[in-house]
Amino acid sequence: MKYWEHIPPVQAMLAVEATARLGSFSKAASDLNVTQAAIRHLMAQAEDFLCTALFVRQARRLQLICEGRRYVDAIVSGLNIIWLEGESLQRASKSDTLTVSCNLGYANYLASAPKKFQDLHPNVTVNVVTAYQELPTLAKDIDMSVRFGNGGWPECTSHLLFAEEIVPVASASYAKSIGRIESPEELLKLTLLHARADDKTWFNWKQWFRRFGVTVSGGLPGPVFDNHLMMMQAARAGGGIALGWIGTASEQVRRGQLVELLPEKIAAGGGVYLVSRAETALNKTAALFANWLMSMPRPTFGISWNPRAESSVPIDHDQRSELPIHDFVGRE
């Protein structure tokens with residue numbers, strides 16, 4: 001088939017699409033990094049080739065006519081198919097490197113994963129990108145993302161890594177200095193560490209006390225940190241008590257850098273998910289990492305502080321999800 005007989009030059013089609021999307025020659029020119037005169041020329045070239053007008057000017061804005069709308073819809077549909085396949089080919093060419101994004105609070109959870117994976121697969125490089133406050137991105141250079149939530153992100157495939165739970169934690173030295181905590185109310189008299197969070201699904205102390213039926217009037221004592229990671233660092237340094245999440249504190253509890261102050265945990269109302277784009281298959285290396293991460297033992301809390309005992313007491317706590325684990329299928 002001689003496609004060129006009915007398809008105008010590619011640059012002309014791109015000019016039509018940009019003009020339709022942005023509504024003006026000047027914005028289309030900026031978008032395509034060409035002059036406004038070039039856009040006008042390409043637009044005329046496309047209309048001459050197709051033997052029909054595509055736009056009319058209305059109130060200082062270009063408006064698609066019926067024929068133009070149909071043609072632009074066809075252009076966009078075709079470009080989307082070409083874009084997706086081009087992205088897949090580009091990712092395949094970088095199959096020895098993958099990039100994972102996560103929230104800054106989960107940086108500690110994800111930090112050890114690349115080394116463990118690379119010990120098994122030394123030819124693979126795993127990059128980790130953190131988001132400060134916002135949702136970890138799935139931009140074009142990101143293969144997958146570790147996110148806290150309910151798994152319902154649009155146009156994404158989500159696989160539960162673990163359900164989140166929260167418990168107050170502190171350094172062993174701080175815990176020893178305050179003695180055994182018998183009830184949540186006792187924490188109101190102590191130094192509480194706070195983290196600013198734009199995402200309101202991240203629990204704060206008032207929400208935590210409310211779960212235990214503790215009434216809090218006015219503000220709570222203690223310093224406020226700009227992010228969760230800084231708050232946890234302050235807790236490790238003996239600066240006070242932080243709300244520890246499984247994904248942000250369990251590894252530090254396991255290492256003895258932090259201890260739990262109460263045995264009761266509360267559900268955070270969500271879980272930590274491994275997320276990828278629904279419309280784009282992971283390349284073989286990214287799928288290998290995804291399945292490896294999902295096969296790892298799920299982190300749990302497990303050390304409850306008891307100043308009367310010679311050592312901390314392990315808690316039998318298995319919070320594995322009953323949801324099935326679906327393998328990520330890698331594209332060859």
Side-chain angles (χ1 to χ4, degrees), residues 1-94 99-101 103 129-145 147 149-158 198-200 275-283 286 331:
M1 182 181 294
K2 296 181 179 180
Y3 293 104
W4 57 267
E5 290 182 343
H6 302 291
I7 300 177
V10 172
Q11 282 298 107
M13 286 194 295
L14 293 176
V16 170
E17 186 279 330
T19 303
R21 173 165 43 87
L22 300 170
S24 77
F25 290 137
S26 60
K27 291 179 180 178
S30 177
D31 188 64
L32 296 178
N33 198 28
V34 298
T35 64
Q36 194 172 152
I39 292 293
R40 292 178 182 274
H41 171 75
L42 290 168
M43 185 70 65
Q45 185 180 30
E47 290 180 330
D48 288 345
F49 185 93
L50 297 169
C51 303
T52 184
L54 300 174
F55 295 84
V56 294
R57 184 177 292 276
Q58 291 184 348
R60 299 171 61 185
R61 180 179 174 87
L62 291 170
Q63 185 73 36
L64 284 167
I65 62 175
C66 180
E67 292 82 358
R69 171 51 58 196
R70 291 206 322 269
Y71 194 68
V72 168
D73 287 346
I75 291 175
V76 171
S77 177
L79 289 176
N80 283 335
I81 294 171
I82 295 169
W83 183 89
L84 286 171
E85 188 56 34
E87 185 194 34
S88 295
L89 293 172
Q90 289 170 335
R91 286 183 179 277
S93 70
K94 301 176 182 177
T99 302
V100 187
S101 67
N103 184 279
V129 176
T130 58
Y132 192 67
Q133 288 278 357
E134 67 276 9
L135 191 71
T137 182
L138 273 175
K140 66 177 183 178
D141 295 328
I142 307 296
D143 293 287
M144 64 195 79
S145 176
R147 296 177 175 178
N150 60 12
W153 295 283
E155 301 177 354
C156 292
T157 298
S158 303
D198 295 337
D199 182 354
K200 300 310 176 186
V275 184
S276 62
R277 299 178 195 81
E279 80 280 3
T280 305
L282 296 175
N283 64 39
R331 175 178 40 76

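Along the sequence shown, residues carry numbers from 1.
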Chemist: Please report the shortest heavy-atom distance between A46 and A12, naming the atom on each side.
Modeler: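 In this case the closest contact between A46 and A12 is CB-CB, 4.1 Å.
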Chemist: Please give me the minimum heavy-atom distance between P8 and F49, naming the atom from each residue.
Modeler: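 Where P8 meets F49 most closely, the heavy atoms are N-CE2, 3.5 Å.
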Chemist: Checking S145 now: which residues fulfil side chain to side chain donor-acceptor pair (under 3.5 Å) with it, not counting sequence neighbours?
Modeler: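 Here the qualifying residues are S101, R147.
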Chemist: By side-chain contact (heavy atoms from CB on, under 4.5 Å), which residues pair with S30, not counting sequence neighbours?
Modeler: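 Partners of S30 by the side-chain contact (heavy atoms from CB on, under 4.5 Å) criterion come out as none, since no residue qualifies.
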Chemist: Which atom pair, heavy atoms only, marks the closest approach of F55 to M43?
Modeler: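 Nearest heavy atoms, F55 then M43: CE1-SD, 3.4 Å.
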Chemist: Using the side-chain contact (heavy atoms from CB on, under 4.5 Å) criterion, which residues pair with A44? Sequence neighbours excluded.
Modeler: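 Scan of A44 (side-chain contact (heavy atoms from CB on, under 4.5 Å), adjacent residues dropped) gives none.
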Chemist: At what distance, to the nearest 0.5 angstrom, does OH of Y71 lie from OG1 of T52?
Modeler: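 So the gap between those two atoms works out to 11.5 Å.
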Chemist: To check you understand the geometry: which heavy-atom pair defines the closest contact between Q45 and P9, and what is its length?
Modeler: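 Reported closest heavy-atom pair: NE2-CG, 3.7 Å.
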Chemist: Could you go through L14 and L79, starting from their C-alpha distance and side-chain angles, then the distance that decides it, and tell me whether this counts as side chain to side chain contact (heavy atoms under 4.5 Å, CB included)?
Modeler: CA-CA 9 Å; L14 293 176; L79 289 176; 4.0 Å; yes
Chemist: Which atom names give the shortest non-hydrogen contact between R69 and L64, and what distance separates them?
Modeler: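 That closest heavy-atom pairing would be NH2-CD1, 2.9 Å.
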Chemist: Mind checking side-chain contact (heavy atoms from CB on, under 4.5 Å) for T99 and listing every partner two or more places apart, or none if nothing turns up?
Modeler: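 Testing T99 for side-chain contact (heavy atoms from CB on, under 4.5 Å), a comparison that skips the adjacent residues, returns N127, V129, I142, D143.
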Chemist: Can you measure from CG (L54) to CD1 (I65) and round to the nearest 0.5 angstrom?
Modeler: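 Result: 6.5 Å between the selected atoms.
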Chemist: How far does CD1 of I39 sit from CG of L32, to the nearest 0.5 angstrom?
Modeler: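 Between I39 CD1 and L32 CG, I get 4.5 Å after rounding to 0.5 Å.
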Chemist: Might you point out which heavy atoms bring E279 and E155 nearest each other, and give the distance in Å?
Modeler: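 That closest heavy-atom pairing would be OE1-O, 3.9 Å.
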Chemist: Name all residues meeting the side-chain contact (heavy atoms from CB on, under 4.5 Å) criterion together with A38; count only those two or more places apart in sequence or in a different chain, and write none if there are none.
Modeler: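 Checked A38 against side-chain contact (heavy atoms from CB on, under 4.5 Å); matches are V34, T35.
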Chemist: Starting from the C-alpha separation in whole Å, work towards a yes-or-no answer on side chain to side chain contact (heavy atoms under 4.5 Å, CB included) for I7 and M13.
Modeler: CA-CA 9 Å; I7 300 177; M13 286 194 295; 3.7 Å; yes
Chemist: Which pairs of donor and acceptor atoms, one on a side chain in residues 20-29, lie under 3.5 Å apart (sequence neighbours left out)?
Modeler:
residue, atom, partner, partner atom, Å
R21, NE, E17, OE2, 2.8
R21, NH2, E17, OE1, 3.1
R21, NH2, D31, OD2, 2.9
S24, OG, S26, OG, 3.3
S24, OG, K27, N, 3.1

